[in-house]
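Remarks on the structure that follows.
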Amino acid sequence: MRVTICDVGPRDGLQNEDAVLPAATRSELVSRLVAARLPRVEAVSFVRDDVVPQMAGAEEVVAAVERRDGVELSGLVLNERGYERFAAAALDRVNCTLAATETFNLRNGNASLDEAVARVKAIVARAEKPVTVTVSCAWGCPFEGEVDPGVVADLCERLRAADELVLADTIGVATPRRVRRLVERVSILGRPVGAHLHNTRNTGCACAWAALDGGVTVLDASVGGLGGCPFSPQATGNVATEDLVWQLEREGVQTGIDLDALIATSRWLESVLGRRLEGYVYRAASWPA
């Protein structure tokens with residue numbers, strides 16, 4: 001079994017930090033992840049600097065990354081203006097995102113659900129690079145609570161022109177059985193399916209395994225467990241990439257990632273941010289003992 005791990009730390013992780021890191025530091029983080037042989041890295045998002053200052057200077061970040069054959073760099077966009085900036089940058093994949101609920105779309109993207117779908121479809125139609133569509137709040141919304149799996153499946157049906165569909169547990173309420181069932185349901189559409197999981201209630205790695213059982217081909221994770229949700233303060237970070245990779249490799253799932261280099265990147269990032277991160281693997285005793 002093989003799976004593509006996408007590290008979203010440089011975007012989804014740093015976006016939720018209070019500190020605003022210089023573009024050069026963010027580029028170095030991406031370069032370190034590239035050197036660790038992450039098959040995909042979500043490097044930047046193309047959003048307004050005044051709204052998300054942590055993502056300012058996306059073009060500068062991309063330009064300074066030390067590239068490596070076989071590693072795909074992606075950028076996130078919310079609208080066609082963001083896509084225009086993406087198209088001018090040297091990236092390999094575009095990630096469009098919208099939420100499964102009306103309220104979250106209004107709060108996060110200033111658009112209704114139907115407007116958000118129209119935006120995504122417009123980007124898919126004009127994109128010259130592979131398109132991932134990420135559906136956030138797939139298992140729960142901080143404003144509307146439980147989300148009907150049928151609503152998520154129907155939304156994915158409307159977006160099946162994308163090259164890949166990723167289901168995101170934005171506030172960390174997914175559980176393994178629910179994850180597997182929804183992944184299986186969306187996989188029927190005939191598109192590669194991924195999962196973006198948070199570890200708010202310590203279910204992230206278990207849900208990742210359930211997603212694999214359901215048929216995902218892509219798993220998002222974040223170096224050091226960085227991340228969260230600005231609309232749900234208790235929604236802590238994504239699954240730590242190093243923890244997920246250790247678990248998968250231990251179970252015989254091939255990731256192609258240099259775990260030692262990834263752990264070194266987490267340690268470096270701790271020194272940059274000046275605080276302890278959420279990953280556990282590199283705090284454990286050396287293996288084998």
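Computed from a prediction, not measured in an experiment: that's the story for all the values here. Count residues from 1 along the sequence.
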Mark yes or no for whether Glu270, through its side chain, and Leu277, through its backbone, hold a donor-acceptor pair below 3.5 Å.
yes
Side chains of His196 and Asp169: is there a donor and an acceptor less than 3.5 Å apart?
no
Between Glu157 and Arg191, does at least one N-O distance fall below 4.0 Å, as a salt bridge requires?
no
For Ala36 versus Ala261, what's the shortest heavy-atom pair and its separation?
CB-CB, 3.8 Å
Nearest heavy-atom neighbours spanning Gly9 and Ser222
CA-OG, 3.2 Å
Treat each ILVMFWY residue as a node, draw an edge where side-chain heavy atoms are under 4.5 Å apart, and state whether Met55 and Leu91 are in one component.
yes
Distance, nearest 0.5 Å, that separates OG of Ser266 from OH of Tyr280
13.5 Å
I'd like to know if the side chain of Asn105 and the backbone of Ala111 have a donor-acceptor N/O pair within less than 3.5 Å.
no
Please report the interatomic distance CD1(Ile123) to CG(Asn79), rounded to the nearest 0.5 Å.
6.5 Å
Would you say that Leu262 contacts Leu38 through its side chain, given a criterion of any heavy-atom pair below 4.5 Å between the two side chains?
yes
If I compare all heavy atoms of Val135 with all of Ala138, which pair ends up nearest, and what's the gap?
O-CB, 3.8 Å
Kindly indicate whether the side chain of Glu72, heavy atoms from C-beta on, has any atom under 4.5 Å from the side chain of Arg93.
yes
Quick one: does Gln54's side chain have a donor or acceptor within less than 3.5 Å of a partner on Asn16's backbone?
no
Smallest separation among heavy atoms of Gly13 and Leu226, with atom names
CA-CB, 3.5 Å
Check Asp114 with Arg158, please: is the shortest side-chain N to carboxylate O separation under 4.0 Å?
yes
Got Leu73 and Val34 here, is their nearest side-chain heavy-atom distance under 4.5 Å?
yes
Ala153 to Arg185 - nearest heavy-atom pair and separation:
CB-NE, 3.7 Å
Electrostatic pair Arg119-Glu115, nearest N-O below 4.0 angstrom:
no
Looking only at the side chains, is there a donor atom on one of Asn238 and Asp12 sitting less than 3.5 Å from an acceptor on the other?
yes
Hey, are the side chains of Val151 and Leu155 touching, using non-hydrogen atoms and a 4.5 Å cut-off?
no
List for me each residue that meets salt bridge (Lys or Arg N to Asp or Glu O under 4.0 Å) alongside Arg67, sequence neighbours excluded, and say none if there are none.
Asp92
Consider only side-chain heavy atoms of I, L, V, M, F, W and Y, link residues closer than 4.5 Å, and tell whether Leu29 and Val239 are in one cluster.
yes
Sequence neighbours left out, what passes side-chain hydrogen bond (donor to acceptor under 3.5 Å, both in side chains) with Asn95? Give chain and number order.
Glu42, Thr134
Say you draw a straight line from CG of Asp260 to CD of Glu242; how long is it, rounded to the nearest 0.5 Å?
12.0 Å
So, do Val281 and Ile263 sit near enough that their side-chain heavy atoms are less than 4.5 Å apart?
yes
Whether the Glu66 and Ser31 side chains hold a donor-acceptor pair (N or O, under 3.5 Å, no angle test) is what I'd like checked.
no
Go through the structure and list residues passing salt bridge (Lys or Arg N to Asp or Glu O under 4.0 Å) with Arg180, not counting sequence neighbours.
Glu184
So, do Val193 and Glu164 sit near enough that their side-chain heavy atoms are less than 4.5 Å apart?
no
Heavy atoms of Ala174 and Cys207 approach each other most closely as O-SG, 3.5 Å
Pick one: which of Leu159, Thr132, Val152 meets side-chain contact (heavy atoms from CB on, under 4.5 Å) with Leu165?
Leu159
Give the cluster check for Val61 versus Val77: same hydrophobic cluster or not, with ILVMFWY residues linked at side-chain heavy-atom distances below 4.5 Å.
yes
Salt bridge (Lys or Arg N to Asp or Glu O under 4.0 Å) partners of Arg85, counting only residues at least two apart:
Glu59
By side-chain hydrogen bond (donor to acceptor under 3.5 Å, both in side chains) - contacts of Glu17 (at least two apart):
Arg275
Could you please spell out the steps behind the side-chain contact (heavy atoms from CB on, under 4.5 Å) verdict for Ile5 and Ile257?
CA-CA 9 Å; Ile5 304 297; Ile257 294 168; 3.7 Å; yes
So, the side chain of Thr203 versus the backbone of Asn199: is there a donor-acceptor pair under 3.5 Å, distance only?
no
Is there a path of hydrophobic side-chain contacts, each under 4.5 Å between heavy atoms of I, L, V, M, F, W or Y residues, that connects Leu182 with Trp209?
yes
Step through the shown structure and confirm whether more than 12 heavy atoms of other residues, nucleotides or ligands are within 6.0 Å of CG on Asp49.
yes
Measuring from Leu33:CG to Glu28:CD, what's the distance to the nearest 0.5 Å?
10.5 Å
Please check if Val245 and Val41 belong to a single hydrophobic cluster, counting links between Ile, Leu, Val, Met, Phe, Trp and Tyr side chain heavy atoms closer than 4.5 Å.
yes
Qualifying ring-ring contact (aromatic ring centres under 6.0 Å, His included) pairs with a residue from residues 247-275, counting only residues at least two apart or across chains:
none
Who passes side chain to side chain contact (heavy atoms under 4.5 Å, CB included) against Glu102, sequence neighbours left out?
Leu106, Ser112, Leu113, Glu144
Once you round to the nearest 0.5 Å, how far does CZ of Phe104 lie from CD1 of Ile171?
8.5 Å
Rounded to the nearest 0.5 Å, the CG atom of Leu212 sits from the CZ atom of Arg2 at a distance of 13.0 Å
Show, in sequence, the C-alpha distance, side-chain angles and deciding distance for Ser136 and Asn108, and conclude whether the side-chain contact (heavy atoms from CB on, under 4.5 Å) test is met.
CA-CA 11 Å; Ser136 61; Asn108 191 51; 5.9 Å; no
Phe46: what forms a ring-ring contact (aromatic ring centres under 6.0 Å, His included) with it, not counting sequence neighbours?
none
Has the side chain of Asp243 got a donor or acceptor atom that lies under 3.5 Å from a matching backbone atom of Gly279?
no
Just so I know, are the side chains of Pro142 and Cys137 near enough to count as touching, which here means a heavy-atom distance under 4.5 Å?
yes
So, do Thr97 and Val166 sit near enough that their side-chain heavy atoms are less than 4.5 Å apart?
no
Just grab all the ring-ring contact (aromatic ring centres under 6.0 Å, His included) pairs involving residues 54-88, residues at least two apart or on different chains.
Tyr83-Phe86
Sorted by chain and number, sequence neighbours left out, side-chain hydrogen bond (donor to acceptor under 3.5 Å, both in side chains) with Arg37 holds for none
Ala211: what forms a side chain to side chain contact (heavy atoms under 4.5 Å, CB included) with it, not counting sequence neighbours?
Val179, Val183, Ala195, Val216, Leu219
Salt-bridge contact Glu84-Arg81 (side-chain N to carboxylate O under 4.0 Å)
yes
Please identify each residue that fulfils side-chain hydrogen bond (donor to acceptor under 3.5 Å, both in side chains) with Thr255, with sequence neighbours left out.
Glu249
Regarding Arg40 and Ser74, do their side chains bring together a donor and an acceptor under 3.5 Å, going by distance alone?
no
